[in-house]
There are 2 protein chains.
Amino acid sequence: MSSVVAINQRARSADQKALRRQAVLETAETYFLEVGYEAFSMSKLAKKTGLAKGTLYLYFQTREELFLTLYEQSLIRWSHVFFDGLSDSMTSKAYAQKLVSTASADGTFLPLLIRLEHMIEHNVAIPRLISSKQLFIKQVEAIAEATSISLSLSEAQAIEVVKTMGVLLIGASQGDQGPSLDHEELPEDVQDLIASFSSEPLFIKNAVRIIEGIRTEAVSNI
Amino acid sequence: MSSVVAINQRARSADQKALRRQAVLETAETYFLEVGYEAFSMSKLAKKTGLAKGTLYLYFQTREELFLTLYEQSLIRWSHVFFDGLSDSMTSKAYAQKLVSTASADGTFLPLLIRLEHMIEHNVAIPRLISSKQLFIKQVEAIAEATSISLSLSEAQAIEVVKTMGVLLIGASQGDQGPSLDHEELPEDVQDLIASFSSEPLFIKNAVRIIEGIRTEAVSNI
DNA sequence: AGGTTGAAATGACCATTGGTCAGCTATATA
DNA sequence: TATATAGCTGACCAATGGTCATTTCAACCT
């Protein structure tokens, strides 16, 4: 009854298979953090894991299903970190700040979130996709509950806030995903533009506007 | 001095080359609207244009530079349509409604905007990228000017609004980019989730919150 | 009119990709 | 120790984006 599967041993029990799958995911995440989404190749991942390419496809139906799994794990991981950073009666600014800083700190979460709908989901079997969406719903509900307490909002308002924060996070992150142009070859106007789309301040400013907007709507509905 | 270049004729003058380049772009856009970004292949585009693949690469450095050009043209085209739809003293809701409906109506603009930073820009030469960013700045300024009038905002506020609308548009569009799941195979909770991320109402609601937020900030700064 | 020349166009070719599957082999069981 | 099951393998496939030596066309110059 060994709980570790050496790379040249076969994973026979369900436990061992789960372990191997997780080991592949961990290698994949490290590799992903090195090269990013586009340059990520299944052949190279096979080499890195010490397995044959065909074996990877015993554990994941497609490259995208692997990414979907990585995304799910990063979502869960991030939401725990975010939870831990929340406290009662936060200002909307502090809340937004915590949200964006924890999300940015996880190198996997945002790059995969951004590619979820228009890349990853397009090459994943539908039942797998459904289970992923259901996990997402569960996470949104959990985050909304914590949000409701932190921002003193009703449950319905908190759900609205969380969904909207997701949308805003995707939009605001976009600005950090361009090619790295550390070089000084850029004209000043272009540098200013890029600076003005820096994701964190952009996110925080607008998150505050939206949260305050949602609060106000509730008051005016009384 | 012919202003049309038959497919089996050579484009020799600068004019003819520009014409041919534009003809390729038009075929490419039609093809893109049929199959989308991922399935778009340069070999197939070559067949559709009646040119050899190598010839395409005389007119565009990479697949992505072609997409960047298509994006630029769709940005210009959309902003004209948007201008035409604006009038003096609009409500922020009417403004947001016009913005999102015109953007969605252009089948090319949003799908390319969404992929700009994390896909397209990563395979385009830097000088080309700079010129594209400068075109973007120009468009933002023009749209901001029209916005300033329509929403009765200062120029600075209008620029803030326009930039933020861009961010929100990208985030909100994401929800429409998933695989088409017309099939009834989806459980109810997942269907509800997808419905709640429908881009147009999501965009409008939050655009209003943000615009009103920007207005309020200005007042409280006096 | 016929030759020269430079540049536009070509398409076979290359490395690489995601994905498959017939065959191999490690291992639990009898 | 023999057998059967099933995990694993890697050569193979069709496709991709991109290249470049070669071909071909048309404008120019005798």
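Naming convention: chains lettered A, B, ... in sequence-line order (proteins, then strands); numbering from 1 in each chain.
Summarising the geometry, the separation between OH on A:Y59 and P on C:dG19 is reported as 18 Å, rounded to the nearest angstrom. Rounded to whole angstrom, the span from the CZ atom of B:R10 across to the C1' atom of C:dG6 amounts to 10 Å. We find that CD of A:Q9 is positioned 12 Å from C1' of D:dG7, with the value rounded to whole Å. Between A:L45 atom CG and C:dT16 atom P there is a gap of 17 Å when expressed in whole angstrom units. What separates CZ of B:R20 from P of C:dA7 is a distance of 17 Å, to the nearest Å. As a whole-Å value, the separation of B:E38 CD from C:dG18 C1' is 14 Å.
Distance alone, capped at 3.5 Å, is enough to place a donor-acceptor pair between the B:Y31 side chain and the B:S41 backbone. Side chain of B:S148 to main chain of B:A144: no donor-acceptor pair is present (N/O by atom type, distance under 3.5 Å, no hydrogens or angles).
The side chain of A:L58 lies closest to D:dG7 when the candidates are D:dA26, D:dG7, C:dT10.
Residue-level contact check: B:F60 touches neither bases nor backbone, having no heavy atom under 4.0 Å from any strand.
DNA chain D forms stems at C:1-30 with D:1-30, each a run of 3 or more consecutive Watson-Crick or G-U wobble pairs whose two key distances fall under 3.5 Å.
Relative orientation of the B:W78 and B:F109 rings is parallel, given thresholds of 30° and 60° on the angle between their planes.
A salt bridge links A:K48 with A:E34: the closest approach of a Lys/Arg side-chain nitrogen to an acidic carboxylate oxygen falls below 4.0 angstrom.
Atom CZ of B:F203 sits about 10.0 Å away from atom OG of B:S101, to the nearest 0.5 Å.
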Start with the C-alpha gap between B:F82 and B:Y95, add the side-chain angles, then the distance that decides, and say whether ring-ring contact (aromatic ring centres under 6.0 Å, His included) holds. CA-CA 10 Å; B:F82 181 44; B:Y95 173 90; 5.6 Å; yes
Pair B:R128, B:E64 - check salt bridge (Lys or Arg N to Asp or Glu O under 4.0 Å), show working.
CA-CA 11 Å; B:R128 184 69 187 78; B:E64 283 73 23; over 6 Å; no
**Study point:** Working for salt bridge (Lys or Arg N to Asp or Glu O under 4.0 Å), residues A:K133 and A:E121
**Key:** CA-CA 10 Å; A:K133 290 288 181 197; A:E121 290 186 354; 2.9 Å; yes
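The closest side-chain donor-acceptor pair between A:Q139 and A:Q134, if any, does not fall under 3.5 angstrom. With 3.5 Å as the limit, one finds no donor-acceptor pair spanning the side chains of B:D106 and B:S74.
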Are any protein N/O atoms closer than 3.5 Å to N/O atoms in nucleotides 28-30 of chain C? If there are, list each pair with its distance.
none

Pairwise N/O distances under 3.5 Å, protein to nucleotides 15-17 of chain D:
from	atom 1	to	atom 2	distance (Å)
D:dT16	OP1	B:S41	OG	3.4
D:dT16	OP1	B:K44	NZ	3.3
D:dG17	OP1	B:F40	O	3.3
D:dG17	OP1	B:R63	NE	2.9
D:dG17	OP2	B:M42	N	2.9
D:dG17	N7	B:K53	NZ	3.1

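Geometric assessment of B:R63 against the ring of B:Y37 yields a positive cation-pi assignment under the 6.0 Å and 45° thresholds.
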